[in-house]
Every structure is written in structure tokens, then in C-alpha cells.
Undergrad: 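Before I ask anything, let me first share the structure, which is written out below as C-alpha cells.
In each ligand, atom 1 is the first atom listed, and ligand 1 is the first ligand listed.
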Amino acid sequence: MRIDGSPWRSIFPDPDTRGRVRIIDQTRLPWDFVTVPLATLDDAAHAIRAMQVRGAPLIGATAAYGLALAMRADASDAALADAAATLAATRPTAVNLRWALDRMTAALRKLPPAARVEAAWAEAGEIAEADVACNQAIGRHGLALIAEAARAHPGRTVNILTHCNAGWLATVDWGTALAPIYMAHDSGIPLHVWVDETRPRNQGAALTAWELGAHGVAHTVIADNAGGHLMQHGQVDLVIVGADRVSRTGDVANKIGTYLKALAAHDNAVPFWVAVPGSTIDPTIGDGVAEIPIEERDGAEVAFLAGPDAEGAIRRIRVIPPGSAAANPAFDVTPARLVSGLVTERGCCPATAAGIADLFPSSV
Ligand code: MRU
């Protein structure tokens, strides 16, 4: 995507130093736009754990490059297994992490160690390129849904609600939930996006609002609790969110609060679409609510807010009493029955075992 007219990706080979990658440090947005280099396995693992990179597809691409960086230090079988284990342990919910590590490991294990450094770099590059192509295809299929909503309300703006950040910052480029929005905007469909702030880490307020603004898409940030009210009053035509893992039966794990939006959408007959690449579908999971691992993060993310003071210095302020405990489950699971359908790179399908198997036979 473009920032001030220049093309950017969320992760890219370092133009100055061969064998390194650079990422946009998302913990600094929207206040500072800075890139940081990843030179080692530990750099990549830290970037994922500290959420300098986040979003399921980008976590997968970063893990792939993390393995490639590990191979530069030691390309033995033992080092390959250790590096994959280190990266797999960084964050538990987004299945794209495991998907990317499995793909990298399968490709590298069959090669002699001497051939692994170049092959790992090439394979990680292919994973990144494939993500971009996949998201463009998701965008094209999702665009048809937005165009349909526009046709249903001729002459008025289409209002779309999204939760968290499933834009280009959450992928290598384009995004999943936001790709259809960018394409609809670029094709001239009048639209406006309600952006859930997405407490506690504010990925909506900080990242989605920033990237929509950079692309010129009309949007309004709302408190997470506002969506149901807007739906009751006809101010939301459709909801599009991303996902961190989808069960083979269509249950959707996504950022905490997604489930409540799906309930409100269902109660108000607002279509609730989930945009995902095939790499987010986990064929090993049947019952998403019972089986998808949910990341528990530090309660400090709930207890504190961060932002610039009047002088521009970033300050953390406490928003709960010092003695109160804070809990921080980072994801929830929306049962398939609340999902209107999945928007994938292979087209749209019902969020059912049959619908998924039709498009992705290997997910059965
Ligand atoms: O904790 P995060 O910021 O990594 O969570 C991200 C989300 O929940 C996104 O909605 C999801 O990964 C889809 S990204 C295309």
C-alpha cells in the first residue's frame, strides 16, 4: 500500500544489508513511523512476541523469515528444529504461525544444510509474495459483497464495521478484511468504515484508523461498545473482520470482542463476513470454542493506556484502581452459526464444514 505516495510492505528484505529483513514497528504507530531490522532468530521471535508485528498472516511471514535468519547462523537439523520451536512458542492463537513454520520446515528438511540458507530465504520470500496475491484475491471477492450492498442502497454511502486491524499492517500487503474495502474505495463506491477501537491494545484506533486515513478512506473510530447501538439504528450495512484461526467447521477465532459484534449483527440481521486466507483454516480443529487456544496477555494492557502528551512524549496512564486485578484474554471464538460466510482467496463460502471443504478439500 502507499504512504505519502510511496509503496510499502509490512515486512521486506533490507535494501541496505543482504540477509536481513525490516519491519514497520507497529508498537510505535500511529505516533511514529519507524522501521527496524530483524537480523537474527531472536529478533524475529521478539518482534512477534512484543507485537512489533502482529496479525495472523504477518506473524506467519515473520516466522518464515525468522527461520531463514536462524539458518544463517546454523543450518543443522537440530538448529532447524530448535528455531521452529522457538518461533512456534511466541504466540498461540494465529494458526498461520504453525502453517508457515511447517511449510518452511518441510521444504528445508529435505535439503542438505549447505543448501538451506538460500532455500530458506527464497521460501520465506515466496510465502510473503503468496500472501500479497492471496489478499488481492480476497479483496476482489469481498468487493463483490460491498458492490452488492451499494446496489441495495442506491445513492447512499455503504457503512461497514470492522474490529481490530485486519488491514495491510496485519498481512504483508492489502490486508484481509480491509482489502475489499480498499478495492471498493478505489473503484469509486462511496463507503464509510466504523472502526472499533479494540481495547485493550487499540489496534483499531491506532492501526486501522491510521492505514484507512493514509489511503483516504472515510472512517470513524468508535468505542468497542457502540457497534450494537449503530446496528439497531440501521447505520451498519455489513461487518467484515479477519481471523486468527478458523475451525474446519467454520468457528472463527479473532480479536477479543468479535463475538459480541457477531451477536449484535445476528440480532439485527446485519451480514457478518470473515475474510481469511486458506492458511488461517485449521483442519485439526473441530469445535473452535472448545479447542482453539486463546492467548492470555498481561493484565497491564488493560490497566494502562498509552499515548502522546501535549509535548508529544508517549506516556502510560493507569485507568484502573491500583488494587484491582485485570484479566486479558486476547481472542474469542465466534460460533459458525453467527457468521454469514467466509471470504477467501478462492471465493466466498458458507462458514460450514461443507462450505469450507468445497473450497479447501485438504481442510477436511
Ligand atoms: O493480537 P493481534 O493484533 O495479532 O490480533 C490480530 C487480529 O485479531 C486480526 O483481526 C487477525 O489476525 C486477522 S489479521 C488479517
Side-chain angles (χ1 to χ4, degrees), residues 1 9-11 23-27 29 47-63 90-100 128 131-132 134-139 142 161-182 193 195-208 210-211 224 239-246 252-262 272-282 288 292-298 301-302 328-334 339 342-345:
M1 303 300 283
R9 286 188 173 179
S10 59
I11 189 166
I23 56 165
I24 298 168
D25 183 350
Q26 300 190 24
T27 62
L29 287 171
I48 298 171
R49 219 180 288 113
M51 293 178 67
Q52 289 178 308
V53 290
R54 26 69 49 206
L58 180 56
I59 290 171
T62 307
T90 50
R91 294 193 71 194
T93 302
V95 75
N96 306 59
L97 175 62
R98 189 188 74 205
W99 172 88
D131 181 62
V132 179
C134 184
N135 298 328
Q136 281 180 303
I138 289 173
L161 184 141
T162 194
H163 190 72
C164 194
N165 172 261
W168 70 266
L169 288 169
T171 64
V172 179
D173 204 351
W174 283 98
T176 55
L178 295 196
I181 291 173
Y182 288 128
V193 184
V195 178
D196 282 347
E197 61 177 344
T198 321
R199 277 280 285 148
R201 286 189 68 101
N202 291 328
Q203 289 95 329
L207 305 177
T208 300
W210 180 81
E211 58 164 275
D224 288 323
V239 179
I240 312 179
V241 297
D244 289 80
R245 196 183 295 226
V246 175
V252 170
N254 192 47
K255 183 52 55 191
I256 192 78
T258 303
Y259 171 44
L260 290 176
K261 295 299 135 59
F272 185 94
W273 288 92
V274 180
V276 279
S279 52
T280 300
I281 299 168
D282 185 348
I292 295 177
I294 299 296
E295 180 177 14
E296 288 285 340
R297 293 187 63 86
D298 193 336
E301 293 179 353
V302 174
N328 190 6
F331 298 91
D332 59 26
V333 177
T334 299
V339 178
L342 306 177
V343 188
T344 81
E345 69 273 29

Undergrad: Kindly write out the residues that satisfy side-chain contact (heavy atoms from CB on, under 4.5 Å) with Val95, not counting sequence neighbours, or none if the list is empty.
TA: Arg98, Arg245, Asp282
Undergrad: When you compare the side chains of Arg54 and Gln203, does any donor N or O come within less than 3.5 Å of an acceptor on the partner?
TA: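 There is no such pair between these side chains.
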Undergrad: Sequence neighbours left out, what passes side-chain contact (heavy atoms from CB on, under 4.5 Å) with Ala47? Give chain and number order.
TA: Ile23, Leu38, Gln52, Val53
Undergrad: Return all side-chain donor-acceptor pairs below 3.5 angstrom for residues 173-181, not counting sequence neighbours, or 'none' if the list is empty.
TA:
residue: Asp173; atom: OD1; partner: Met1; partner atom: N; Å: 2.8
residue: Asp173; atom: OD2; partner: Met1; partner atom: N; Å: 3.2

Undergrad: When you look for protein heavy atoms under 4.0 Å from ligand 1, which residues do they belong to?
TA: Met51, Arg54, Gly55, Ala56, Pro57, Arg91, Cys164, Asn165, Ala166, Ala170, Thr171, Thr176, Gln203, Gly242, Ala243, Asp244, Asn254, Lys255, Phe331
Undergrad: Could you report the tightest heavy-atom contact between Ile256 and His163, atom names first, then the distance?
TA: O-NE2, 2.8 Å
Undergrad: Using a distance-only test with no angle check, is there a side-chain donor-acceptor pair under 3.5 angstrom linking Asp25 and Thr27?
TA: yes
